[in-house]
Amino acid sequence: MTRLLVGLAVATVVLTVYALVDAALFDRNRIRGLPRFAWILIVLFVPIIGPLLWIVVGRGRRGSVSRQPRTMAPDDDLEFLGRLGRDAEQEQRIRKLEEELAELDGGAASAPDKPADDRATPDAKPNPSGDADGGDAPGAPGSRDA
């Protein structure tokens, strides 16, 4: 009878120490029911039942936090439907901005076969002499070479 009581006492101490260390080191996001400090107090001050409660109730299951919700059809997923609405609004906004840019360019966007380099810039001066270098020959009056 003494051996049985000593064996039960050792088992109780081992279970209590295991539950105490487990409760102290367990991931905070997976603890269920009570805060960590409350579970530690229950394990310490309620022998046998406290550690058993921790193991059965307090410990979260391995996949309880990281479990993905069950797969649902796209038309049932509100997040997916909201994302579709945002995408459609963004596409509409892009189309509107592209149209405004085309209007500001004076229809240049409507003629894609015309190269963009052929357009005259506001700073460009007409070349009356027809030379490709702008009409200033080296040594001519007003040139920088003189």
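The shown structure was predicted, so the numbers you read here are calculated from the model rather than taken from an experiment. Heavy atoms only: backbone and side chains are in, while hydrogens, waters and symmetry mates are out.
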Do other residues, nucleotides or ligands put more than 12 heavy atoms under 6.0 Å from Glu79 CD?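 For Glu79, atom CD is not crowded (no more than 12 foreign heavy atoms under 6.0 Å).
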Within the distance-only criterion (no hydrogens, no angle test), does the side chain of Arg36 pair as donor or acceptor with the backbone N or O of Ala23 below 3.5 angstrom?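 Yes: the side chain of Arg36 pairs with the backbone of Ala23.
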Using 0.5 Å steps for rounding, measure from the CD atom of Glu100 to the CD atom of Glu98. 11.0 Å
Using 0.5 Å steps for rounding, measure from the CZ atom of Arg95 to the CD atom of Glu99.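 Answer rounded to 0.5 Å: 8.5 Å.
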Contacts under 3.5 angstrom, residues 45-52 side chains, donor-acceptor by atom type, not counting sequence neighbours:
none

Chi angles and distances behind the side-chain contact (heavy atoms from CB on, under 4.5 Å) call for Glu89, Arg93: CA-CA 6 Å; Glu89 290 172 2; Arg93 203 172 323 132; 4.2 Å; yes
Under 3.5 Å, which donor-acceptor pairs do the side chains of residues 1-20 form with other protein atoms, sequence neighbours left out?
from: Thr12; atom 1: OG1; to: Leu8; atom 2: O; distance (Å): 2.7
from: Thr16; atom 1: OG1; to: Thr12; atom 2: O; distance (Å): 2.7
from: Tyr18; atom 1: OH; to: Arg59; atom 2: NH1; distance (Å): 3.3

Verify the cluster assignment for Leu104 and Ile94: are they in a single hydrophobic cluster under the rule of side-chain heavy atoms below 4.5 Å apart? no
Are Leu44 and Phe37 linked, directly or through intermediate hydrophobic residues, by side-chain heavy-atom contacts shorter than 4.5 Å (ILVMFWY only)?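 Same cluster.
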Taking ring-ring contact (aromatic ring centres under 6.0 Å, His included) as the test, write out the residues that go with Trp54, two or more places apart. Phe26, Trp39
Asp22/Ile55 under side-chain contact (heavy atoms from CB on, under 4.5 Å): CA gap, chis, key distance, verdict: CA-CA 9 Å; Asp22 192 40; Ile55 292 170; 5.7 Å; no
